[in-house]
Amino acid sequence: MTSVVLDNVTKQYADAAPSVAGIDLHIKDGEFFTLLGPSGCGKSTTLRMVAGFVVPTSGTLRFGERDVTTVPPYKRDTGMVFQNYALFPHMDVATNVAFGLRMRKTSKSERGQRVAEALDVVGLTGYGERRIDQLSGGQQQRVALARALVINPSVLLLDEPLSNLDAKLREETRAHIRSIQQASATTSLYVTHDQAEAMAMSDRIAVMSAGHLHQVGTPREVYRRPATSFVARFIGRSNVLAGTLLGRDERTHTVRLSNGELLTVPNTENSPTAHIGVEEDIAVSIRPEDLRVVSTGSTDAGTLRGRVSAVEYTGASCTVTLNYGETQLLATVPDGPDIPAVDELVSVQPAVDRLWSVAP
Ligand code: ADP
Ligand code: MG
């Protein structure tokens, strides 16, 4: 077990824009840490640099105190799990799981015992003699996990390991991976483009876009206090309204939205918009569940008025879409008699303490 530190790490291929552009990460010992972002943002490249398959163009990488920037993969003591399992299909489960132990020349008797333990951990006791192509996708992914865990890696690396599973199995398997990780307290770096998966599994999440790090925080921090409009939109659903900063004091920002409306937004210590100056671009984020439909057509200060373009019924609540100037607003309304109808003109009131200013 160990911490993993990336210090100003960049990877650039040929003349293209950097795949990973100078990122700093400090993954703590025993932490379940997730890289989250859309396809192509540099997640796998980052993970491969930690594994040693890709050498950074610049920057340093440390496991604990040890500088591993140019150490080859087989000397790093990492276990890896991939999206496509990468198992040997014609060999049996036990042979697949034993692979890393054979590479390390572990004795046959110890091998047998450790393979049995690893299969027990992933819930596949008794499957040792099955061939891989006789297993379901979910079982194959658990074999891949057992193969990574059997060597007691100091760092466990998982690259979109659930992407090939159907929705229900994905949820089951993510809970399983999380509980195995907690039991072993292995420092883990997990890669996904699925924000719900990242929120459910992680101690902390790093949100990436186009090779850059937008924010690192707990699931609650990135949801409640997104640093940028990208993070606000990517994590859950959010209304992000573009505007200009008119002024700020210790407690509030005053923001003029692009339609002229003024909003008073709480200011806090460590606000992600502290660097934004007066008359510069800023954005305001508010979650759909923090917008309350107040009345048809109210024009009270601080309310936002628009025409309903869609109502989506999801059971316990409805999601109402309003056309608001050039943009749209989503509001969650509890199921009941107050659900507005399409084409109705309604006003919504933001919960004042839930308005949040973000970098545009
Ligand atoms: P993600 O895993 O977030 O989908 P990747 O890390 O795989 O993204 O890729 C990030 C960017 O780097 C992409 O634009 C991709 O095309 C580019 N890239 C990745 N590997 C290579 C490579 N070996 N050669 C050239 N470009 C690459
Ligand atoms: Mg990838």
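Counting convention: from 1, in listed order, for ligands and their atoms alike. Values in this document were obtained by computation on a predicted structure and should not be read as measured data.
- Below 4.0 Å from some heavy atom of Ser44 lie the following atoms of ligand 1, by number and element: 1 (P), 2 (O), 6 (O), 7 (O).
- Salt bridge Asp133/Arg131: present, at least one basic N to carboxylate O contact under 4.0 Å.
- Checking only distances, Ser19 does come within under 3.5 Å of ligand 1, N or O to N or O.
- Considering only non-hydrogen protein atoms, atom 26 (N) of ligand 1 sits nearest to Tyr13 CD1, 3.4 Å.
- Taking 2.8 Å as the criterion, Thr45 does not count as a coordinating residue of the Mg ion (ligand 2), since none of its N, O or S atoms falls below it.
- In this structure, atom 22 (C) of ligand 1 has protein heavy atoms in its sub-4.0 angstrom surroundings.
- Ion pairing between Glu261 and Arg256 fails under the 4.0 Å rule for side-chain N and carboxylate O.
- In terms of modelled atom types and a separation under 3.5 Å, the side chain of Arg142 and the main chain of Val122 share a donor-acceptor contact.
- The distance criterion of under 3.5 Å between nitrogen or oxygen atoms is met by Thr45 with respect to ligand 1.
- Among all protein heavy atoms, the one lying closest to atom 13 (C) of ligand 1 is Gly40 O, 3.9 Å.
- Judged by distance alone, with hydrogens and angles left aside, the side-chain atoms of Gln195 form a donor-acceptor pair with the main-chain N or O of Gly236 at under 3.5 Å.
- The six-membered or imidazole ring of Phe32 lies near that of Tyr190, with a centre-to-centre distance under 6.0 Å.
- A salt bridge does not link Asp194 to Arg174: none of the charged side-chain nitrogens sits closer than 4.0 Å to a carboxylate oxygen.
- Heavy-atom distances between Ser39 and ligand 1 reach below 4.0 Å in at least one pair.
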